[in-house]
Each structure stands twice: as C-alpha cells, then as structure tokens.
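Have a look at the structure below before the remarks.
Each residue takes its place number in the sequence, starting with 1. Since we're looking at a predicted model, the values are computed, not measured.
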Amino acid sequence: MSTTSHHLSPAFPGRAPWGTAGKLRAWQEAAMDRYLQSQPRDFLAVATPGAGKTTFALTLASWLLHHHVVQQITVVAPTEHLKTQWAEAAARIGIRLDPEYSAGPVGRNYHGVAVTYAGVGVRPMLHRNRCEQRKTLVILDEIHHAGDSRSWGEACLEAFEPATRRLALTGTPFRSDTNPIPFVVYEEGDDGIRRSSADYTYGYGNALGDGVVRPVIFLSYSGNMRWRTKAGDEIAARLGEPMTKDATAQAWRTALDPRGDWMPNVLAAADRRLTEIRRGIPDAGGLVIAADQDSARAYAKLLKEITGHRATVVLSDDAGSSKRIEEFTASQDRWMVAVRMVSEGVDVPRLAVGVYATTISTPLFFAQAVGRFVRSRRRGETASVFLPTIPALLGFAHEMEVERDHVLDKPKREGEEDPYAESEKELAEANRQGDEADADTGDQDELPFEALESDAVFDRVVYEGAEFGMQAHPGSEEEQDYLGIPGLLEPDQVQLLLQKRQARQIAHSRKKPADEADLLELPADRRPVVTHRELMELRKELNSLVGAYVHQSGKPHGVIHTELRRVCGGPPSAEATPGQIRQRIAKVREWATRMK
C-alpha cells in the first residue's frame with residue numbers, strides 16, 4: 001500500500017491506537033484495495049466513529065491527486081468546526097484545503113476547499129461550476145446530513161452531479177426517516193423494501209475486536225421523579241418503570257432538571273468515575289451532552305461545585321466555540337459541557353467519560369453521541385457513559401454492535417410492524433435543533449410541565465449486551481464498586497470484573513436483614529426494563545394463555561389468576577412487574593404441558 005500514501009508522514013495517522021501507528025489500519029487498506037480494484041465514480045464507506053474515516057478518505061484523495069485522476073478536492077462537512085478539522089488533518093499529509101472559502105477562484109496554493117452542507121445549500125451553482133471546470137473529488141462527510149432537508153439534498157445533487165469522483169462517508173446508522181440521501185445506492189430486498197448499499201462497512205463490533213475503538217461501559221441511574229402537569233396534576237414515577245410515552249418523557253425531563261437531586265448525584269458519580277480513569281489515563285476528560293443552553297450553564301455550575309474547577313462550556317457552533325473545543329482538547333481540564341454540537345464528528349480523543357443529559361432518543365443521535373468516547377489512543381482504554389434508566393436508551397446501548405442500513409421505504413404493514421413510526425417525529429426535532437445553533441428551547445414546549453423533585457439510584461451496568469449490578473444509593477460502597485473499575489482493562493477483563501462485582505454485591509445483600517432492604521434486591525438481568533407497550537403485550541400474552549388454559553382445565557379465569565399469584569407471588573396482574581408476569585407466563589405454560 002506504499003503507493004496509496006506517497007506523501008503521508010511516517011506518523012500518520014498521528015493518533016492511531018496501540019500497534020497501528022505508522023501504517024494504515026487493516027480496514028483502511030482493505031477499503032482502499034476495494035476502491036482501487038473497481039475505481040468507481042461513487043463509493044460509500046460506512047465506518048464506526050473513531051475508526052479513522054478521515055485517514056482513509058485523505059489517503060484516497062492523495063492517491064487520486066498523485067495519479068491525476070482528479071485535480072482538486074471539495075470536502076463537505078456538517079459543521080463549521082468540522083470543516084476546519086478536515087483542513088487541519090489534510091495539511092498534516094500535504095493536502096491544502098481552504099476552510100474559509102466562500103466564493104470566487106480558489107488560491108493557487110490550495111488543492112481544494114472545505115465547506116458545510118449549509119454552505120452548499122446556499123450556493124449550489126458555485127460548486128457545480130467548480131466541478132465542471134476541473135476534475136473534482138467530492139468527499140461527503142457524514143453524508144446522512146444531506147438528507148436533513150429537501151433543499152440540502154437537492155443542492156448536493158445539483159452541485160456535485162458533474163464531479164469526477166464522489167466519496168461518501170458515514171459513521172452512524174443513517175436516518176430514522178425516509179428522505180433519500182444523494183449519491184447513495186438503494187437496493188430492493190426480497191420484502192420489497194429498498195435499503196442503502198455500502199461499498200465497504202466497518203462496524204463497531206469489528207473495530208472493537210481489532211482494538212481500534214474502546215469498549216463502552218454504560219452506567220444507568222434510576223430514581224423517583226415527581227412533576228406537575230399543565231392540568232395541575234402531580235405525578236410520581238420511577239425511572240425504568242413501564243410508562244406511557246408522554247409520562248416517560250416527563251419523568252426523563254424531571255431527572256435532567258438541574259434543580260433536582262438526580263443530575264447533581266449523577267454528575268458527582270461521573271466525576272468519581274473520571275478520577276478513577278485518570279489514574280491510568282492522566283489527561284482523560286469528561287463531556288456532558290446537554291439539551292439546551294440554560295441546562296448546559298446549570299450543569300457547568302454544578303460541576304464547579306463538585307470538582308472545584310471550571311468546566312468548558314460550548315453553547316453554539318461559532319468560532320469561539322471551536323476555539324474552546326481546541327483548547328479543551330489540548331489541555332488536561334476535567335469537564336466540557338456542550339449542547340448537541342459535540343455529538344458528532346468533533347475529535348477530542350481524550351474524552352473517556354460521558355453524561356447523556358438530553359432527551360433526544362433516536363438511534364442516530366445516540367450513536368453519534370457515544371461515538372465521541374470510543375476513539376482509542378492506547379491498548380486497554382475503556383469508555384464510560386452515564387444514562388438515565390430509559391428503555392429506549394438501554395435498548396440502544398444493547399445494540400451498539402448492530403450494523404444498520406438506511407431504509408428508504410416503510411414496511412408495507414402498518415402499526416407495530418413499522419419500527420420508524422415512533423422515531424420520525426423525534427428525529428425531525430433533533431434535526432431542527434441541530435440546524436438552529438442558538439436554539440434554547442428544544443422540545444420544552446411540547447409537554448408543558450413543572451419538575452418538582454427527583455432523586456438518583458444507581459441501577460445497572462450495560463456492557464457488551466449483558467447487564468450487571470443491583471440497585472445502590474449514591475455514595476454507597478456498592479455504587480463505588482462499579483465506579484471504581486480501572487480505566488485500563490482488556491474487554492474480557494471488564495466482563496470478568498463486572499461479574500465479580502455483582503457476585504460480591506449479591507453476597508453482601510444476602511447478609512442484610514430483610515427490613516433493611518429499601519431498594520430492589522435483584523440483579524439487573526432479573527429486572528428487565530420494558531416500555532409501556534411491551535408491558536401491555538406481556539399482560540395480553542398472559543391473559544391469552546390463561547384463556548386457553550380455562551378450556552383445558554375447566555377452571556374459571558379468576559381461579560387460575562389467583563393460583564398463579566399464590567404460586568409465583570406478587571400483586572394482581574394489573575400491578576405486576578414485567579418479571580412477575582413472565583414468571584406467570586412460564587408457570588401457566590408448564591401447567592398446560594402437564595395436562596397434555
């Protein structure tokens with residue numbers, strides 16, 4: 001592959017993890033080989049955040065320039081900060097991009113320009129003319145943004161249709177909506193649904209196995225929430241309990257209210273985790289992803305009270321924010337608080353601890369947010385992300401290694417068979433917020449309410465699809481067992497250590513008198529977190545099985561339900577937990593099998 005990187009510096013990529021510095025990673029070489037074999041006009045590379053998409057793209061750009069396939073380069077990035085980041089990365093290997101370009105001829109000392117999707121949307125003909133005048137490679141970074149609005153997609157098509165070569169990159173599941181993405185090929189499956197087709201895919205699971213990215217430990221916190229609705233009703237609920245969608249959203253926002261006890265306790269726990277990680281990684285930093293500017297300022301104030309040090313606050317995508325991010329990246333400061341903009345693409349490799357303090361609940365945004373913490377610099381680094389116990393978020397945490405395609409068509413059947421129905425509105429809201437750098441309100445007006453009080457309880461750890469831990473109070477020895485996991489461990493060591501910590505917690509719980517147990521005394525894998533809809537389905541399944549057993553046994557419904565309660569324990573079905581209902585489902589199936 002020496003011909004593909006003829007003017008790469010020996011140290012490029014400069015921040016490669018252990019064992020990879022000085023050469024392209026295996027996936028980058030494989031992607032290059034695939035490209036060079038076919039020399040396509042359009043090429044889509046899907047690679048997990050932190051895997052090195054920029055290095056791959058610039059290596060390819062270098063090859064195409066060197067072999068006179070193209071004469072100039074245009075990089076299109078989602079944000080102002082990212083286009084500057086692209087220009088800096090390109091300069092390190094001798095490719096000069098102008099990140100300040102707006103119109104007119106490009107300076108002779110530049111190989112091309114770095115622009116934003118919004119900039120292309122304003123002046124598509126300017127970029128089309130440039131493509132028509134000279135053979136151009138267009139690099140479309142995080143190309144799913146070209147589908148954010150009809151105008152952006154149409155502008156990209158108009159601007160770059162004449163380009164000689166187009167390289168599309170993305171690091172996350174494409175979109176939850178069905179807006180087509182320019183220059184992406186969609187293939188129809190046996191089910192009649194068109195899905196995006198990538199030319200090369202390098203998923204998180206593969207990258208984790210190669211040691212290119214860090215394994216992620218998700219630490220989830222529950223707690224009691226109380227709020228007042230617009231109608232004046234006071235509602236109390238516990239995070240993680242099955243609730244309607246509106247109630248879940250209101251409980252979630254109550255937890256994130258900086259005036260309650262949940263956020264201060266979670267921030268304090270995250271800071272203790274950061275302290276532990278800094279024993280092995282002295283410059284490790286933390287990031288709080290906030291929902292709006294007021295919350296971001298309030299969280300920064302809480303962090304100052306907790307740590308005694310000021311947190312870097314990034315409120316909008318402007319020149320000042322870019323400078324603050326750069327200063328934080330080069331420093332050893334502990335915390336940065338940001339509103340959305342750091343959720344995608346911004347490269348701060350020392351980030352190792354995150355707090356997900358926003359109510360955006362789309363798989364795209366979640367993957368982008370977690371992607372800020374997975375970039376590995378040395379072998380054995382781990383990432384830790386703190387979450388509220390919300391079913392959707394825990395579901396995303398379980399699916400970190402699942403590869404997704406962009407689905408262009410909705411499934412033909414309606415209702416529950418349409419997995420996109422619930423998320424389209426959320427994604428549209430997330431995109432609207434992302435396009436409005438100064439938006440303070442987010443979705444705060446959709447569900448008017450007043451947060452009254454909240455508390456926090458350590459709930460569980462999610463790691464590589466498995467759940468560990470019993471509930472524990474903030475500041476307790478049981479919580480510290482999980483916060484104190486060393487920051488430098490191999491993935492299999494993390495798994496083993498979590499199993500040992502849970503076993504110790506269970507043993508300690510058994511020694512306590514029953515009247516001292518004020519928290520749920522069950523391991524996480526026996527306390528499934530389900531949505532309100534899933535709970536309804538469990539109840540429906542139980543009632544259906546009981547109905548079938550009525551005909552088999554001749555006993556009335558009420559008698560069977562009473563017998564199930566006597567044998568399995570717990571309250572009536574309407575008040576039973578998901579675990580209790582599953583026990584009764586298993587028991588009635590056992591009874592039915594015996595009678596056959």
Side-chain angles (χ1 to χ4, degrees), residues 50 81 214 216-221 255-317 320-358 360 368-375 377 381-388 456 458 474-475 479-480 482-485 487:
H81 183 86
R214 299 167 177 160
V216 184
I217 302 168
F218 294 97
L219 297 104
S220 170
Y221 279 72
L256 299 184
D257 189 315
R259 296 166 295 184
D261 288 337
W262 194 90
M263 273 304 298
N265 278 305
V266 170
L267 289 175
D271 189 67
R272 291 198 298 275
R273 178 74 188 132
L274 181 60
T275 296
E276 181 60 44
I277 289 176
R278 284 169 77 110
R279 297 183 197 278
I281 312 171
D283 69 339
L287 168 66
V288 181
I289 299 176
D292 56 69
Q293 295 190 9
D294 289 341
S295 295
R297 294 187 186 99
Y299 298 158
K301 185 178 178 182
L302 289 172
L303 284 168
K304 175 76 180 332
E305 295 170 358
I306 292 166
T307 68
H309 302 282
R310 291 173 63 89
T312 297
V313 180
V314 180
L315 295 179
S316 60
D317 188 13
S321 291
S322 291
K323 185 179 180 182
R324 284 192 288 276
I325 293 172
E326 290 167 4
E327 289 173 349
F328 180 82
T329 301
S331 74
Q332 292 203 1
D333 293 349
R334 293 178 73 89
W335 284 98
M336 176 162 61
V337 184
V339 182
R340 290 183 300 273
M341 68 167 292
V342 186
S343 69
E344 179 180 56
V346 174
D347 180 13
V348 187
R350 69 186 190 89
L351 288 176
V353 177
V355 179
Y356 194 90
T358 175
I360 298 176
Q368 290 169 351
V370 175
R372 297 315 97 221
F373 309 97
V374 301
R375 190 179 300 273
R377 297 180 299 171
E381 290 183 341
T382 61
S384 302
V385 177
F386 287 72
L387 305 170
F458 170 78
E479 181 198 42
Q480 188 56 40
Y482 296 95
L483 299 180
I485 293 171

Checklist entry - Looking at residues at least two apart in the chain, or sitting in another chain, which of them share a ring pair (Phe, Tyr, Trp, His ring centres under 6.0 Å) with Y482? => result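 For Y482 the ring pair (Phe, Tyr, Trp, His ring centres under 6.0 Å) partners, ignoring immediate neighbours, are F458.
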Item to check | Partner set under ring pair (Phe, Tyr, Trp, His ring centres under 6.0 Å) for Y356, not counting sequence neighbours | outcome: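 Y356 satisfies ring pair (Phe, Tyr, Trp, His ring centres under 6.0 Å) with F366 only.
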Closest heavy-atom pair and its distance - [X], [Y]:
X: A300; Y: V313; value: CB-CG2, 3.5 Å
X: A284; Y: I277; value: CB-CG2, 3.7 Å
X: A269; Y: E479; value: CB-OE2, 3.6 Å
X: A291; Y: V339; value: O-CG1, 3.9 Å
X: A270; Y: V355; value: CB-CG2, 3.7 Å
X: A290; Y: V337; value: CB-CG1, 4.4 Å

Decide yes or no for [X] and [Y]: does some side-chain heavy atom of the first lie under 4.5 Å from some side-chain heavy atom of the second?
X: L274; Y: T307; answer: no
X: H309; Y: D333; answer: no
X: V348; Y: I325; answer: yes
X: W335; Y: R310; answer: no
X: L315; Y: R297; answer: yes
X: L303; Y: L267; answer: yes

Item to check | Residues that R350 engages under side-chain hydrogen bond (donor to acceptor under 3.5 Å, both in side chains), provided they are two or more places apart | outcome: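 Only S331 meet the side-chain hydrogen bond (donor to acceptor under 3.5 Å, both in side chains) criterion with R350.
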List for me each residue that meets side chain to side chain contact (heavy atoms under 4.5 Å, CB included) alongside [X], sequence neighbours excluded, and say none if there are none.
X: N265; result: D261, A456, P474
X: A383; result: R214, V216, F373
X: S295; result: D292, Y299

Spacing of [X] atom [atom1] and [Y] atom [atom2] [to the nearest 0.5 Å]:
X: Y221; Y: W262; atom1: OH; atom2: CH2; result: 9.0 Å
X: L219; Y: L483; atom1: CG; atom2: CG; result: 6.5 Å
X: E276; Y: R273; atom1: CD; atom2: CZ; result: 6.5 Å

Checklist entry - Does R372 reach the main-chain N or O of Q368 with its side chain, forming a donor-acceptor pair under 3.5 Å? => result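 Yes, the answer is positive, given that a donor and an acceptor are paired below the 3.5 Å cut-off.
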Checklist entry - Out of R377, R278, Q332, R334, which residue meets the side chain to side chain donor-acceptor pair (under 3.5 Å) rule with D283? => result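 Per the side chain to side chain donor-acceptor pair (under 3.5 Å) rule, the option paired with D283 is R377, out of R377, R278, Q332, R334.
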Checklist entry - For T312 and R324, does a side-chain donor sit closer than 3.5 Å to a side-chain acceptor? => result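 No, R324 and T312 have no side-chain donor paired with an acceptor closer than 3.5 Å.
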Next on the checklist: Exactly one of L287, V288, T329, I289 should register a side-chain contact (heavy atoms from CB on, under 4.5 Å) with M336. Which one does?
Outcome noted: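 With M336 as partner, side-chain contact (heavy atoms from CB on, under 4.5 Å) holds for just one option, L287.
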